[in-house]
Amino acid sequence: HVTCATVFEHRDFQGAALVISVGEIRWLPGIMMSPSQNWNDVISSAQVRPGCHLQLFEHGDFGGYRDIVDNQINLVQHNDQYSSAKCSCN
């Protein structure tokens, strides 16, 4: 698996981290952060590997609005509102 990006529970790359490989995650609620918490609606910041692009979607199966990230960023506009993701690298 090629690492594409890392997303974080809190702003400024703090809290729990999820490494995203190149590919698709259709349903973030299916990935557990802890025994009682999944990754649905909790992503607040992201670090994307140079040459890669992370797409974050409001709903599962890539529905709703889409934000594209290609650097290190705090996700202010849609903080804690993502349910699926796609990541690709050149």
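Residue numbers run from 1 in the order of the sequence given.
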Side chain to side chain contact (heavy atoms under 4.5 Å, CB included) between S88 and H53, intermediate numbers included: CA-CA 5 Å; S88 62; H53 303 281; 4.3 Å; yes
For I20 and I25, what are the C-alpha separation, side-chain angles and deciding distance, and is it a side chain to side chain contact (heavy atoms under 4.5 Å, CB included)? CA-CA 8 Å; I20 298 178; I25 300 174; 4.1 Å; yes
Do the side chains of Q14 and F8 get nearer than 4.5 Å, heavy atoms only? no
Apply the test side chain to side chain contact (heavy atoms under 4.5 Å, CB included) to residues N71 and V48: give CA-CA distance (whole Å), side-chain angles for both, the deciding distance (0.1 Å), then the verdict. CA-CA 5 Å; N71 55 12; V48 181; over 6 Å; no
Could you tell me whether the side chains of S44 and N74 share a donor-acceptor contact shorter than 3.5 Å? no
Check: H59 and Y65 side chains under 4.5 Å, non-hydrogen atoms: no
Does a side-chain heavy-atom distance below 4.5 Å link V19 with H1? no
How far apart are the closest heavy atoms of A16 and M33, and which atoms are they? CB-CG, 3.5 Å
Rounded to the nearest 0.5 Å, the CZ atom of F57 sits from the NE2 atom of H78 at a distance of 13.0 Å
Compare all side-chain heavy atoms of Y82 with those of D67 and state whether any distance is below 4.5 angstrom. yes
Less than 4.5 Å apart, side chain to side chain, heavy atoms only: is that true for L18 and I43? no
Q55 side, atom CD; E24 side, atom CD - distance, nearest 0.5 Å: 9.0 Å
Report the distance from atom CD of E9 to atom OG of S34, rounding to the nearest 0.5 Å. 8.5 Å
Give the C-alpha distance, both sets of side-chain angles, the deciding distance and a yes or no for side chain to side chain contact (heavy atoms under 4.5 Å, CB included) between V7 and L54. CA-CA 10 Å; V7 294; L54 173 65; 3.8 Å; yes
Enter the distance from H10:NE2 to N79:CG here, rounded to the nearest 0.5 Å. 10.5 Å
Would you indicate whether C52 and C89 have their SG atoms under 2.5 Å apart? yes
Side-chain contact, heavy-atom cut-off 4.5 Å: W39 with W27? no
Flag the pair L56 / L75 as yes when at least one side-chain heavy-atom distance between them is below 4.5 Å, and no otherwise. yes
Are the side chain of S83 and the backbone N or O of L28 linked by a donor-acceptor pair below 3.5 Å? no
Taking C-beta and beyond as the side chain, do V22 and C87 meet within less than 4.5 Å on heavy atoms? no
Under a single-linkage definition using a 4.5 Å side-chain heavy-atom cutoff for Ile, Leu, Val, Met, Phe, Trp and Tyr, are V42 and I31 assigned to the same hydrophobic cluster? yes
